[in-house]
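Written below as structure tokens is the structure these notes are about.
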There are 2 protein chains.
Amino acid sequence: MPNPPNPQRRSEKSRRATLDATLDLCAEQGYAQVTVEGIAARAGVSKKTVYRWWPSKGAVVLEAVHDAAVRPTVFPDTGDLVADLCTQLSGVIDVLSAPRTRSAFIGVLTEAQHDPGLAEQMHRQWIGPRIDQFKHRLRKAQDQGHLPPGADLDVIMDVVYGPIFHRLMVHLPLPDEAYLRKVVDSVLPASDQPPRER
Amino acid sequence: MPNPPNPQRRSEKSRRATLDATLDLCAEQGYAQVTVEGIAARAGVSKKTVYRWWPSKGAVVLEAVHDAAVRPTVFPDTGDLVADLCTQLSGVIDVLSAPRTRSAFIGVLTEAQHDPGLAEQMHRQWIGPRIDQFKHRLRKAQDQGHLPPGADLDVIMDVVYGPIFHRLMVHLPLPDEAYLRKVVDSVLPASDQPPRER
DNA sequence: CTGTCAACACGACACGTTCCGTTTCCCTAT
DNA sequence: ATAGGGAAACGGAACGTGTCGTGTTGACAG
């Protein structure tokens, strides 16, 4: 019986080679053309090894993208809500534009639509934390009087992130900084002037 | 050499059976599990026949969804912009919620991310016309003074459709009517009535 | 701290499956 | 007569699994 492998003995070298090969291949051929066989070959790794640690191609790509994208998309907190929003959104757009991550990102996002397991993992290690950070930042802005207490955080989140996903799905060019600012401005209830000073 | 088939002699019965079987199978098994072989078998049609008229599974599903979704998502014009927006958006959400169309819709949308030909066709016969209708309706509202002349139609479109795609991709429940209205209200520059004080 | 050793992750390769997209052959309707 | 439709089979690609040596690794003894 295949006992679950022991993570302690896992070869970090193989792991890295696999993830790197994955992003490279996604960039070169596009997500759909990438196969587990191809990844293994490029990484100089056995297919068996890939399947030992990941259940599917999607899972490999998810980890590869997560690995590469977490850093550029952290949520800053400089005290200036609008600026912070724009910074974070720009980070996301960069990841969605950079050749090395774009296809992999889109691929895993779309694959998660058909693979419940992948969707669950993506949500747990990615989407969920982002949403929490986002709302946390917005609540803080509320406390500081930069945002009305009654503002609907869900609506704001949808409206701010929505355009990126909309344009992505519909194959329109992604928003640039100026456009982003327009969106952010158009939706954030302009109560920037403190109702009460902090 | 395979001459291009003659559309005049095409069997409408086979076409319908194929499209119906496609939606059924998508609903039953999910888009990813559906195969051309399965479609042909369910439709009582030869695989050859499918490939004679469509280049790929994605193309079949695109036509099937388009066929089923065009009617419920037409853009109304009652003179009331907010109401019309909500109506059309509800139509889209219905298609994205109904079991028979949901999986097929999402499937073709995501597949188009990896298949340029499919993306092009989807844009030509679907997305493009919708965008045109949308902007046409908004310009009319501008002419009638229901929307400020300076309003950025692209921003409005992104912000209004964005939440649907965002929530779809991120696996959150789709907006309901009340939520939609909130979004629409929050973004439409309220020049609907003579400038009200706020 | 160091040498030993069994466990186990690894790479290589081969296997049975599934589905693809195409082809062949014959039938049928126009 | 022509051309689309149905049945069946094809080679090819990729899947996910299994086997088999090889060699690295971590644990333990001294």
Side-chain angles (χ1 to χ4, degrees), chain A residues 1-22 25-26 28-63 103-104 107-108 110-111 114-118, chain B residues 1-22 25-26 28-63 107-108 111 114-118 121:
Chain A
M1 313 292 106
N3 285 354
N6 178 358
Q8 235 181 345
R9 303 196 51 166
R10 179 169 188 182
S11 158
E12 173 61 19
K13 201 174 123 204
S14 294
R15 194 188 87 99
R16 269 260 59 87
T18 304
L19 297 182
D20 286 342
T22 300
L25 287 176
C26 283
E28 289 171 19
Q29 320 178 331
Y31 178 86
Q33 321 318 321
V34 173
T35 68
V36 174
E37 312 225 0
I39 292 174
R42 166 73 77 104
V45 146
S46 162
K47 206 167 35 145
K48 184 84 180 182
T49 300
V50 177
Y51 279 113
R52 173 148 38 219
W53 299 109
W54 294 279
S56 65
K57 159 183 154 187
V60 181
V61 181
L62 172 59
E63 184 167 338
S103 178
V108 77
T110 56
E111 184 124 332
H114 315 297
D115 180 337
L118 188 62
Chain B
M1 299 296 102
N3 285 353
N6 177 355
Q8 260 184 330
R9 302 196 52 164
R10 180 169 187 182
S11 157
E12 172 62 17
K13 201 175 123 204
S14 293
R15 193 188 88 99
R16 269 260 60 87
T18 304
L19 297 182
D20 287 341
T22 300
L25 286 176
C26 283
E28 288 171 21
Q29 320 177 330
Y31 179 86
Q33 323 317 321
V34 173
T35 68
V36 174
E37 313 229 356
I39 293 174
R42 166 73 77 105
V45 147
S46 160
K47 214 174 19 150
K48 165 109 184 186
T49 301
V50 177
Y51 279 111
R52 172 147 38 218
W53 300 108
W54 294 278
S56 65
K57 160 183 155 186
V60 180
V61 181
L62 173 58
E63 183 166 339
V108 78
E111 184 125 330
H114 315 298
D115 180 337
L118 188 62
Q121 193 188 346

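So that the names make sense, note that chain A is the first sequence line, chain B the second, and so on, each numbered from 1.
Residue contacts for A:G44: at a heavy-atom cut-off of 4.0 Å it reaches the sugar-phosphate backbone alone, with no base atom in range. Residue B:S56 is out of contact with every strand shown, counting any heavy-atom pair closer than 4.0 Å.
Separating the CZ atom in B:R52 from the OG atom in B:S11 is a distance of 10.5 Å, to the nearest 0.5 Å. Taking CZ from B:R15 and CH2 from B:W54, the interatomic distance works out to 6.5 Å, rounded to the nearest 0.5 Å.
Judged by closest nucleotide on DNA chain D, B:S14 is the one of B:S14 and A:V34 placed further toward the 5' end. Heavy-atom distances to DNA chain C give each of B:S46 and A:A43 a nearest nucleotide, and the one nearer the 5′ end belongs to A:A43.
Within the 4.5 Å cutoff, the side chain of B:N6 has no heavy atoms near those of the B:R10 side chain. Looking at heavy atoms from C-beta onward, A:V60 lies out of side-chain contact with A:V36 at the 4.5 angstrom threshold.
Between A:Q33 atom CD and D:dC15 atom P the separation is 12 Å, expressed in whole Å. In this structure, the OH atom of A:Y51 is 8 Å from the P atom of D:dT17, given to the nearest Å. If you measure from atom CD of A:E37 to atom C1' of C:dG11, you get 14 Å, rounded to the nearest angstrom. Between the P atom of D:dG6 and the CZ atom of B:R42 lies a distance of 16 Å, rounded to the nearest Å. As a whole-Å value, the separation of B:D115 CG from C:dG21 C1' is 15 Å. Between the CD1 atom of A:I39 and the P atom of D:dA14 there is a distance of 12 Å, rounded to whole Å. Atom pair A:K13:NZ and C:dG11:P shows a separation of 8 Å (rounding to whole Å applied). For B:R15 and D:dG5, the CZ to C1' distance is 17 Å, given to the nearest whole Å.
Of the possible polar contacts, one joining the A:S103 side chain to the A:Y31 backbone as a donor-acceptor pair under 3.5 Å is found. Between the side chain of B:T18 and the backbone N or O of B:S14 there is at least one donor-acceptor pair closer than 3.5 Å.
OP1 and OP2 of D:dG4 both lie 4.0 Å or more from every side-chain N or O belonging to B:R10. A close approach under 4.0 Å does not occur between any side-chain nitrogen or oxygen of B:T35 and OP1 or OP2 of C:dT18. Put simply, A:T49 has a side-chain N or O that comes within less than 4.0 Å of OP1 or OP2 on C:dG11. At the phosphate of D:dG4, neither OP1 nor OP2 sits under 4.0 Å from any side-chain N or O atom of B:W53.
Heavy atoms only, all atoms of each residue included: B:V50 and B:A40 are closest at CG2-CB, 4.1 Å. The shortest non-hydrogen separation linking A:H114 to B:Q33 is O-NE2, 4.4 Å.
In the interface, the side chain of B:R9 is not paired with the base of C:dT30 through any donor and acceptor atom under 3.5 Å apart. A donor-acceptor contact under 3.5 Å is formed by the side chain of A:K47 with the base of D:dG16. No donor-acceptor contact under 3.5 Å links the side chain of B:K48 to the base of D:dG4. For B:R52 and D:dG4, a side-chain-to-base donor-acceptor distance below 3.5 Å is absent, hydrogens and geometry of angles not being considered.
Across the helix from C:dC1-D:dG30 to C:dT30-D:dA1, the helix axis at one end is tilted relative to the axis at the other end by 30° (nearest 10 degrees, each axis from five pairs).
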